[in-house]
Amino acid sequence: MLRFKSLGSGSTGNATLVEASGTKPFRLLIDCGLGLRQLQLRLGQAGLQPEDLDAVFITHEHGDHIGCALSLTRRYRIPIWMSHGTHSAIGSPDFEGLLHTARDGEIIALDGLQLTPFTVPHDAREPLQLSCSDGSAKFGILTDLGHATAHVLAHLESCDALLLECNHDSELLAQSAYPSFLKRRVGGQYGHLSNAAAADIARAITHKGLKHLVAAHLSAQNNRPDLVQSLLAQTLSCGTDDIMVASPDSGTCWLQL
Ligand SMILES: [Zn+2]
Ligand SMILES: [Zn+2]
């Protein structure tokens with residue numbers, strides 16, 4: 001059985017737990033874009049502590065994803081995966097033997113959980129997003145990308161659940177007080193997904209087996225949960241309550257596949 005829980009999502013910090021249950025549960029943390037104390041607090045709210053984590057995967061070097069990765073993994077001796085580019089972008093720190101290199105398309109076989117990282121277009125050195133499978137269910141995570149590519153869509157085929165970036169409403173971004181260079185960066189091909197672009201992805205990957213669609217990484221300034229929910233519900237012909245939105249402070253509840 002596979003379940004997942006966002007611990008928080010947005011430009012203030014991203015972290016997502018994935019748990020494969022077996023004789024001994026295996027727990028993966030995807031991104032740790034929070035301070036160590038805050039991460040401990042949110043793990044506690046999920047009924048866990050850092051010692052319960054079996055692996056960490058970092059998608060890219062931006063502060064809202066890398067956060068306390070170095071101190072967390074060194075203090076609690078947790079193996080960590082990231083791309084070579086991400087490691088070099090943070091100054092190639094010493095992970096004391098805990099670091100493993102993740103590469104586009106190379107499967108990472110963990111105890112009861114299989115990860116498949118894939119390249120995304122984003123303004124980081126070597127960003128990767130990923131899907132996780134326990135052999136029967138598949139969870140996809142897709143945030144921090146400017147646009148969908150055929151490569152991205154192929155990797156998300158037949159997901160049972162997807163945590164999907166819905167960063168901004170294009171009109172709110174255009175009207176916002178952001179300086180124009182930032183508007184160009186956020187809305188550009190290597191920035192973040194607009195709600196409309198996210199809806200196109202949802203439409204492309206939806207299938208009968210899709211159990212959960214979680215909207216994530218919403219901009220606090222240039223988006224609103226109700227806009228995201230109504231657009232995605234309309235796109236997937238479901239109720240707005242069927243679309244969950246990960247909050248910056250508390251993420252989501254545990255969602256089971
Ligand atoms: Zn981010
Ligand atoms: Zn980013």
Side-chain angles (χ1 to χ4, degrees), residues 4-18 28-35 38-39 42 56-70 72 80-91 102 104 117-131 139-149 151-152 155-156 162-170 172-173 176 178-179 181-195 197-198 201 214-225 228 244-252:
F4 68 99
K5 182 189 192 318
S6 165
L7 297 180
S9 184
S11 57
T12 49
N14 296 273
T16 306
L17 279 168
V18 183
L28 168 73
L29 182 68
I30 301 172
D31 287 331
C32 13
L34 299 163
Q38 188 57 226
L39 181 69
R42 297 197 197 179
V56 171
F57 186 100
I58 299 295
T59 60
H60 64 297
E61 68 270 24
H62 292 160
D64 56 322
H65 298 264
I66 192 96
C68 64
L70 185 62
L72 172 80
I80 180 166
W81 277 259
M82 67 181 72
S83 69
H84 176 71
T86 298
H87 185 231
S88 87
I90 56 169
D104 172 64
F118 54 89
T119 296
V120 294
H122 187 52
D123 54 2
R125 190 80 62 90
E126 190 187 350
L128 296 169
Q129 295 291 317
L130 69 157
S131 69
F139 167 59
I141 180 158
L142 185 67
T143 70
D144 296 74
L145 72 164
H147 64 283
T149 59
H151 185 65
V152 165
H155 274 283
L156 295 174
L162 178 63
L163 186 132
L164 175 63
E165 166 165 64
C166 298
N167 181 260
H168 58 274
D169 173 271
S170 297
L172 289 181
L173 178 65
S176 79
Y178 276 20
F181 80 89
L182 194 53
K183 287 183 187 179
R184 277 198 302 276
R185 191 239 140 191
V186 170
Q189 291 288 293
Y190 293 85
H192 291 275
L193 287 181
S194 68
N195 293 345
I201 294 173
V214 178
H217 216 305
L218 271 69
S219 163
Q221 290 80 21
N222 305 317
N223 213 350
R224 292 201 321 261
V228 172
M244 203 161 288
V245 177
S247 111
D249 308 319
S250 55
T252 60

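Indexing begins at 1, ligand by ligand and atom by atom, following the structure's order.
- Under the 3.5 Å distance criterion, with hydrogens and angles disregarded, no donor-acceptor pair is assigned to the side chains of Asn167 and Ser219.
- None of the N, O or S atoms belonging to His60 lies under 2.8 Å away from the Zn ion (ligand 1).
- Minimum-distance N/O/S atom of His65 relative to the Zn ion (ligand 1): NE2.
- Across all their heavy atoms, Phe118 and Ser131 have their closest contact at CE2-N, 3.9 Å.
- Counting non-hydrogen atoms of neighbouring residues, nucleotides and ligands closer than 6.0 angstrom, the OH atom of Tyr190 reaches no more than 12 such neighbours.
- Looking only at its N/O/S atoms, His62 has ND1 as the one nearest to the Zn ion (ligand 2).
- The atom name of the N/O/S atom in Asp64 closest to the Zn ion (ligand 1) is OD2.
- Summarising the local packing, NE2 of His84 is surrounded by 12 or fewer heavy atoms from other residues, nucleotides or ligands at distances under 6.0 Å.
- For residue His122, an N/O/S atom approaches the Zn ion (ligand 2) to within less than 2.8 Å.
- When the options Asp64, Asn223, Thr143 are evaluated for a side-chain hydrogen bond (donor to acceptor under 3.5 Å, both in side chains) with His217, the one that passes is Asp64.
- Residue side and main chain included, Asp144 places an N/O/S atom under 2.8 Å of the Zn ion (ligand 2).
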